[in-house]
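Below is one structure, written out as structure tokens, with a few remarks after it.
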Amino acid sequence: MRASLLVGTVLLLVAAPVGAQTAPIDSLFARPTAQALHRLLDSAATLRLPLDGLVSTALEGRMRKVGDERILGAVRAQLGALATARQALGGTVSPAELSAAASALLGGVRAAQLAALPDVRPRGKLLTPLVVLSDLVARGVPADTAVRVLYIGLARGLSDDELSRWRQAVERDITSGAAPAAAAILRLRNEPRVGPTAVERLWPIPPSQEFP
Amino acid sequence: MTTPDHDADDPLAHRAGALLRGLPVDPSAVARVRRRLDRAPLGGAPRPAVWLATGALAASALFAAGITLFDGHRPGTPAPLPADGTAPHPIAFSHVAADADRVALVGEFNGWNPDATPMARWQGGTTWTASVALPPGRHLYAFVVNGTRIETDPVAPRTPADAYGGHTSVLVVGSR
């Protein structure tokens with residue numbers, strides 16, 4: 001009796017949040033779509049991946065008034081990215097870090113590049129670096145370049161605040177018309193903790209090819 | 001197109017600047033950005049619980065006047081962090097939309113529902129504001145202008161274009 005009560009309680013504790021997370025699916029989507037979404041969410045739950053972002057992607061698609069097939073495709077892609085991110089970063093990252101990593105992957109960052117992040121920042125949280133990485137890619141910095149400049153900055157010990165200031169500076173330069181890759185590199189060189197020497201030592205690019 | 005002044009003495013920056021010059025740029029856009037940056041409150045932290053100064057002019061004016069808005073904290077200053085580091089933080093959002101009759105804040109926190117968080121027009125101008133309480137973590141959001149146009153926050157980090165072809169803005173709310 002006690003055992004069944006305990007099991008029941010545990011099931012309720014586990015099921016309630018999942019139900020709360022997925023409740024809008026049934027009310028907003030036609031039954032076939034809702035069922036397909038639930039199957040994807042079940043897969044995510046089996047893999048112990050966070051469901052919030054997947055539900056959010058579906059609801060965002062609804063808000064953008066795109067077709068159900070496209071919404072299912074987006075959720076499927078995100079599920080794949082989350083699984084890849086989990087594999088790359090390991091099981092200790094937070095759901096927010098995992099979602100940010102999935103976003104970076106969908107932006108073109110490779111899993112192997114992502115897997116190096118915990119080594120580059122072994123003692124810090126990964127959320128801000130991942131958000132900055134996604135933003136750089138979103139603003140047109142090629143993924144390989146974005147990874148490289150970010151990791152140089154992290155290797156030189158840039159804090160979350162410094163990373164955010166760097167990102168803002170890059171954003172301003174790009175908004176002003178600068179080439180995204182050049183803006184990211186130049187602004188990193190200007191970071192006091194990094195400087196031109198570190199960038200040039202770690203990124204020995206002949207002057208003639210500095211900004212292809 | 002201009003490069004930052006402090007790059008002037010840096011040979012590499014100078015070379016890069018030379019390469020960057022000549023790119024097609026809308027001068028009025030540059031002027032708008034510069035005006036906004038010149039007047040916006042400085043500070044580069046990832047903005048946990050801070051005024052998101054999309055409407056930099058209005059935000060600056062409020063900041064200078066020391067007006068306290070939204071949940072009792074002043075725009076431009078971090079809100080007090082909750083004691084346990086996990087409770088929701090009050091976040092004030094603003095967005096400038098010159099031609100808007102209505103603006104809504106949408107995001108993961110309200111199920112991307114354009115009816116859930118309507119923004120209020122600030123003093124009859126073009127800046128729209130709303131405040132929501134968000135727990136520490138990463139939050140995606142956007143603004144819906146006049147019920148149809150989806151806009152990102154120009155000064156916030158954004159996600160790469162998603163499967164729907166659009167970007168969303170990212171807010172990181174820090175924990176203690």
Side-chain angles (χ1 to χ4, degrees), chain A residues 24 28 52-53 55-57 59-64 66 70-71 73-74 77-78 94-97 99-100 103-104 106-108 127-128 130-132 134-135 137-139 160-169 171-173 175-179 182-183 185-186 189-190 196 200 207 210-211, chain B residues 1-4 6-7 10-13 15-17 19-21 23-26 29-30 32-34 37 43-47 106-114 136-140 142 144 148 150 152 154-168 170-174:
Chain A
L28 290 175
D52 300 27
V55 174
S56 171
T57 296
L59 298 181
E60 183 195 342
R62 195 75 181 162
M63 187 266 297
R64 291 182 185 274
V66 302
R70 207 162 152 202
I71 289 173
Q78 198 186 358
S94 69
E97 289 170 328
S99 296
S103 177
L106 291 172
L127 181 54
T128 297
L130 287 166
V131 168
V132 169
S134 291
D135 181 66
V137 172
R139 291 180 193 279
D160 281 358
D161 283 357
E162 289 166 327
L163 284 176
S164 295
R165 278 196 295 274
W166 170 54
R167 187 208 69 78
Q168 287 175 324
E171 169 208 308
R172 284 198 298 269
D173 289 353
T175 305
S176 300
I185 296 167
L186 281 176
R189 288 165 43 87
N190 286 344
E200 283 158 14
E210 269 168 356
F211 302 104
Chain B
M1 167 65 218
T2 58
T3 50
H6 59 271
D7 289 344
D10 184 329
L12 181 56
R15 285 202 299 277
L19 287 170
L20 298 175
R21 272 191 287 278
L23 291 174
V25 178
D26 175 4
V30 173
R32 280 198 307 276
V33 168
R34 286 197 176 282
L37 293 174
R47 307 181 193 207
V106 291
E108 292 180 312
F109 43 82
N110 65 10
W112 298 95
N113 180 356
R138 170 182 175 268
H139 302 277
L140 303 183
V144 180
T148 54
I150 299 164
T152 53
V155 296
R158 62 175 64 158
T159 60
D162 57 25
Y164 307 129
H167 299 275
T168 54
V170 183
L171 172 71
V172 175
V173 178

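Here is the naming used below: chain letters follow the sequence lines, and residue numbers restart at 1 for every chain.
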Exercise for review: Heavy-atom distances under 4.5 Å only: say whether A/Ala100 touches chain B with side chain, backbone, both or neither.
Suggested key: both

Point to revise | Top contributor to chain B interface from A/Ser99, A/Ala104, A/Ala77 [non-hydrogen pairs under 4.5 Å] | key: A/Ser99

**Study point:** Under the side chain to side chain donor-acceptor pair (under 3.5 Å) test, residues paired with A/Trp166 that sit two or more places apart
**Key:** none

Check your understanding: Between B/Val144 and A/Met63, is any pair of side-chain heavy atoms under 4.5 Å apart?
Key -> yes

Check your understanding: Any idea which of A/Val137, A/Leu106, A/Leu127 has the most non-hydrogen atom pairs under 4.5 angstrom with chain B?
Key -> A/Leu127

Point to revise | chain B contact via A/Arg62 - which portion, at a heavy-atom distance below 4.5 Å | key: neither

Study note, to complete from the structure: One option among B/Val106, B/Thr168, B/Ile150, B/Val170 has the most heavy-atom pairs under 4.5 Å with chain A, and it is B/Ile150

Exercise for review: Heavy atoms only, distances under 4.5 angstrom: which of A/Ala96, A/Ser103, A/Gly107, A/Gly108 has the most pairs with chain B? Name it, please.
Suggested key: A/Ser103

Exercise for review: Please state whether the side chain, the backbone, both or neither of A/Ile71 comes within less than 4.5 Å of a heavy atom of chain B.
Suggested key: both

Exercise for review: Heavy-atom distances under 4.5 Å only: say whether A/Thr57 touches chain B with side chain, backbone, both or neither.
Suggested key: both

Check your understanding: Any side-chain heavy atom of B/Arg138 within less than 4.5 Å of one from A/Leu130?
Key -> no

Exercise for review: Could you tell me whether the side chain of A/Leu186 reaches within less than 4.5 Å of the side chain of A/Arg189, counting heavy atoms only?
Suggested key: yes

Practice item. List the steps, then state whether side-chain contact (heavy atoms from CB on, under 4.5 Å) holds for A/Arg167 with A/Arg139. Key: CA-CA 10 Å; A/Arg167 187 208 69 78; A/Arg139 291 180 193 279; 3.8 Å; yes

Point to revise | Min side-chain heavy-atom separation A/Leu59-A/Pro24 under 4.5 Å | key: yes

